[in-house]
Amino acid sequence: MFELLDGPPYANGEAHTGHAINKILKDFIVKSKIGLGYRVRFRPGWDCHGLPIELKIGKQKETPAPQSFKEIRSAARIVADEAIGKQMNAFRRWGVTADWDKPYTTKSSKYVAAQLDIFGQLVEQKLVYRTFKPVYWSPSSNTALAESELEYNEKHQSTSVYFRFKLINVSSPEIIWSSIPPSKPSQFYALVWTTTPWTLPLNNAICVSPNIKYSVIQFEREINNPTSTYYIIASNLVSELEKQSEQKCRILGTVKSENLIGKKYKSCWHNELALPIYEAPHVSDTVGTGLVHTSFAHGFQDYDVAVSNGERIQSFVDSRGCYTRHLGHDLDGKHVLGDVIIRSSQQWFIDVEEIGKRASSMLDEITVSAGDSDLRGSLKQLVTTRNSWCISRQRVWGTPIPGLVDENGEAYTSRELIEWVADLTRKSGNTDVWWEVDLNKILENEDVRRSLKIPKDVIPQLKKNVDIMDVWLDSGLAWHAAKENEMEREHVTDVVLEGVDQFRGWFQSLLLTSVAVKNKLPYRKIIVHGFCIDEKNNKMSKSVGNVVDPILLTDGSLKQKAIGADGLRFWVALSGSENAGESKIGPKIIEDVDRKIVSLRNGFRFMIGGCQGFNGNPINSPLKTLDQDMLHSVDSFVKKTISNYEEFKFRTVANDLTQFIQRNFSSNYVKYVRDRLYCDKIGSESHLSAQFTLHRTAYSLAHIISPLLPHLSAEVLHHLPGSHEKQILRHTFMELQSEEKYYMPELSQLMKVVHELRTVLEASAGPKIDTSKKDIIVYVKPEQEKLLKTSELELPELLNVSGVELNESRDGISVEITDSKRRYCERCRKHTRKDGDNLCSRCFDALVV
Ligand SMILES: [Zn+2]
């Protein structure tokens, strides 16, 4: 049994080239595993919840925007179902084999209930908590976001500013002056630097580091002012300040960090407020000023500083992204102007610090790869640097977080409560139950109420928690919820295959939850693929207009030839596998793919054409040497391809196949066998030998390439005499090896000499002489002559000439080209006819009825 767990695509929008890479690569695995003899489980999935769908239904014009949770959830379900239908059609059109009758969707009651079961276990292990803490926040969508949901815009330049805070109790004696201390009245400022200027009114502290050297500087333009103004900044960052401010600075002395820690400065917003300078481990002097502006509610490290110094954390930015009245009349209600901000709010978290470390060490047991490159380090680093996972969202289209909350934000939940909701969901088939159920009904259940341990006095204030779960927790529990029963769950998924972006997403959420609940890895192997870009290395983007629609590729358009599902699949094999980098697509690349497919088709066409009249059964007579050589190279190709499939090297299989058809088949076989196939008597041993060889070659190749090109494979088998496309399902790739009895023992050595002779012959004939109409005199070493004698009568065919005279020579191989003494035969176009005959003896035999 082999199981591939489908990373569910998002159930929104049409199928695109990214889906094509992902689903077709998965299909290569499924189909090749079947060919390798495994029973395979692959259930397709869809990720259905989340913000993009919820935002979309708010914007639909035809109907009034849904208001109640019931309306929103039901409209969202329709959007997801429509997208699932469209995407499933496309995936099937691409020839993807999967359990299409039993897909899993994260919105189904079965999935939601199974997800809640596991969530209950996480709660029981005390890994889930609710607290007031900074999280990424989207003011426009009014909800917390996960880091993996942020879209990084590499070209984005953030506004950064230098800002000065007036120091209160730092004075001249604490400075180590390089020359005479100043005599003028002086004022010291701490210089900070920030990329989020909107947080300056929310400043709570400045952080410095004992490991950094600080300088006291003065701007040259201020030297003659009546009061001396000094700035404190990390010594390493003075020149950067000069560059950025285009101002010359003078360094007048230094100050030790211990003379700064514990000092106070004036708040920039509340005039009467003195704020502290703290020491913090995250402060560095690689960028900024080495003095870090700190706003407890609006930064992750800032939050840690508050916790370690016992400070209170308050947020004065509301959920819409506006300053609250606490900041006074000037800012009240003004927007902070960020698409995504960091803001503290009450959220649910999973504590993943210890789990991440455990998971990281377990990762040594498995492989994380793209082709030959090992990417385990990236995943290890990501899971060990994470300490909490914000799993709540303030929306309604999702799986609920069953829990009760009191007026102070204190939360009460338990495994009993969650399982009670899971059971209700499972039994009713209704995923809205949490929103519908009455609070009193929850509290009426004795077991549930007792498990929640609610103090009596807060019972009247209780409310149901209405946050939903982060979608990464939905899909992250697929190792449990996407499986039908306990037997399926026993089997650890063999492979997951997704884009390189899933290091931040699904690979991680599967890993953390499985290690937390089962103390077991959720998969045995991770395979990574890259993204689609155009021929000029640009990302696919609607606004650039370079998006390639996979339906136009397969089905064609006015401007573009249809390359069919197999064309799309061959592109994926050639461009989408074995690397985590980009997969290019564009007209030139598609043309190249098409050319390669055409050459494969031509190869198969020749094989099928040569088999006309042949019944496909094994033959009893011995095979010709040339045929043995062909079948032998088919055997090696099959063997090599099996091992490439085992290592998921689909690009190598595709390239090998193209080369095999061009070199081994066309150049080394077709060119030589043509004469026998066209001119020998039909039904003769020599003719049957060629037909048998072509038949076996076509069958073996069609079978072994069926994971990559299933349509071409089926077409070949359909036309090949005595075979049927369904035949390949009954046989494994291993059964494609030909029996030893077909080969003479000295085949390889003999063919080695033949290949040497072909090279020498080609060199001495040059491009103008058609050697098939010539006789040749061959000189070879005695041991080579002995080998060639075993197939002496076949030498004209093996060397594609009219006649061969074999001679022994101590000097090694050489060839003389001569005119034949025999006459030209009109039928076979060789010099094989005796003087006086109409045809050569072979052609005469072939025509005798
Ligand atoms: Zn002839």
Side-chain angles (χ1 to χ4, degrees), residues 49-51 54 115-116 119-120 122-123 125-150 199 202 295-307 311-322 324 336 338-353 355-356 385-414 417-418 434-435 462-477 504-505 508-509 512-513 516:
H49 291 143
L51 195 54
E54 205 172 328
Q115 181 178 344
L116 288 172
F119 185 63
L122 289 167
V123 166
Q125 292 189 33
K126 302 204 179 341
L127 290 167
V128 178
Y129 61 96
R130 189 169 187 261
T131 192
F132 185 78
K133 207 167 142 167
V135 292
Y136 289 107
W137 184 269
S138 160
S140 60
S141 324
N142 225 319
T143 180
L145 296 171
E147 194 189 349
S148 47
E149 285 167 296
L150 309 182
T199 57
L202 305 160
S295 176
F296 302 145
H298 301 280
F300 304 114
Q301 288 149 335
D302 310 49
Y303 173 83
D304 294 339
V305 171
V307 171
E311 291 271 10
R312 187 165 161 223
I313 301 137
Q314 286 172 291
S315 174
F316 299 125
V317 174
D318 67 16
S319 63
R320 297 165 302 146
C322 297
T324 62
V336 303
D339 294 336
V340 175
I341 60 178
I342 296 173
R343 170 182 176 267
S344 287
S345 53
Q346 286 281 359
Q347 300 291 345
W348 296 81
F349 296 88
I350 297 180
D351 181 355
V352 289
E353 194 168 358
I355 301 164
T385 49
R386 197 168 175 182
N387 49 36
S388 65
W389 172 6
C390 175
I391 56 159
S392 47
R393 301 290 181 271
Q394 286 62 55
R395 308 294 306 196
V396 298
W397 178 228
T399 297
I401 301 177
L404 307 178
V405 183
D406 72 16
E407 272 175 353
N408 300 320
E410 197 66 45
Y412 307 90
T413 188
S414 68
L417 169 68
I418 294 161
W434 176 249
W435 285 268
L462 285 177
K463 278 185 181 158
K464 277 190 292 178
N465 170 65
V466 289
D467 295 347
I468 55 163
M469 288 187 202
D470 176 10
V471 290
W472 291 109
L473 191 53
D474 294 4
S475 59
L477 294 175
R504 286 181 183 280
Q508 215 184 114
S509 58
L512 293 171
T513 52

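For clarity, every value in this text was computed on a predicted model and none was experimentally measured. Position 1 is the first residue of the sequence; numbering continues from there.
- By the 4.5 Å heavy-atom criterion applied to side chains, Lys464 and Leu404 are counted as neighbours.
- Listed for the Arg395 side chain is a donor-acceptor partner under 3.5 Å among the backbone atoms of Ser141.
- With a 4.5 Å cut-off on side-chain heavy atoms, Thr399 and Phe119 do not count as touching.
- When every heavy atom of Gly299 is checked against every heavy atom of Pro134, the shortest pair comes out as O-CG, 3.2 Å.
- Residues Ser345 and Val135 are in side-chain contact: their nearest non-hydrogen atoms beyond the backbone lie under 4.5 Å apart.
- The minimum heavy-atom distance between Asp351 and Asn387, with the atom names listed, is OD1-O, 3.5 Å.
- Here the CG atom belonging to Leu473 is positioned 11.0 Å from the CD1 atom belonging to Ile468, to the nearest 0.5 angstrom.
- The nearest pair of heavy atoms linking Ser509 to Trp389 is CB-CH2, 3.6 Å.
- Closest approach of Ile418 and Leu116 over heavy atoms only: CG2-O, 3.1 Å.
- In this structure, Ile313 and Ala306 approach most closely via the heavy-atom pair CG1-CB, 3.8 Å.
- At least one donor-acceptor pair under 3.5 Å links the side chain of Asp318 to the backbone N or O of Arg320.
- Side chains of Trp137 and Val317 form no contact here, defined as non-hydrogen atoms less than 4.5 Å apart.
- Here the CG atom belonging to Leu51 is positioned 8.0 Å from the OG atom belonging to Ser140, to the nearest 0.5 angstrom.
- Tyr303 is linked by a ring pair (Phe, Tyr, Trp, His ring centres under 6.0 Å) to nothing, counting only residues two or more places apart in sequence or in another chain.
- At least one side-chain heavy atom of Pro400 sits less than 4.5 Å from a side-chain heavy atom of Trp435.
- At least one donor-acceptor pair under 3.5 Å links the side chain of Thr413 to the backbone N or O of Pro402.
- Expressed to the nearest 0.5 Å, how far CD of Gln115 lies from NE2 of His49 amounts to 7.5 Å.
- The closest donor-acceptor contact from the side chain of Glu54 to the backbone of Trp397 lies under 3.5 Å.
- Checked by atom type and distance alone, the side chain of Arg393 pairs as donor or acceptor with a backbone atom of Ala144 at under 3.5 Å.
- The CD1 atom of Ile355 sits 7.5 Å away from the CD atom of Gln125 when rounded to the nearest 0.5 Å.
- Listed by chain and residue number, Tyr129 satisfy the ring pair (Phe, Tyr, Trp, His ring centres under 6.0 Å) test with Phe349 (two or more places apart in sequence, or in another chain).
- In this structure, CG in Asp302 is found 11.0 Å from CG in Leu202, a value given to the nearest 0.5 Å.
- Side chain of Trp434 to backbone of Gly403: no donor-acceptor contact under 3.5 angstrom is found.
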Show the numbers, then the answer: is there a side-chain contact (heavy atoms from CB on, under 4.5 Å) between Val405 and Gln346?
-> CA-CA 11 Å; Val405 183; Gln346 286 281 359; over 6 Å; no
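- With a 4.5 Å cut-off on side-chain heavy atoms, Gln347 and Arg130 do not count as touching.
- Considering every non-hydrogen atom in both Arg343 and Ser315, the closest pair reads CG-OG, 3.9 Å.
- The number of heavy atoms from other shown groups lying within 6.0 Å of CG (Asp339) does not exceed 12.
- There is a side-chain donor-acceptor pair under 3.5 Å between Ser319 and Asn142.
- The OG1 atom of Thr143 sits 8.0 Å away from atom CG of Asp467, with the distance rounded to the nearest 0.5 Å.
- Side-chain contact check for Ser388 versus Lys133: some heavy-atom pair is nearer than 4.5 Å.
- Between the side chain of Thr199 and the backbone N or O of Ser295 there is no donor-acceptor pair closer than 3.5 Å.
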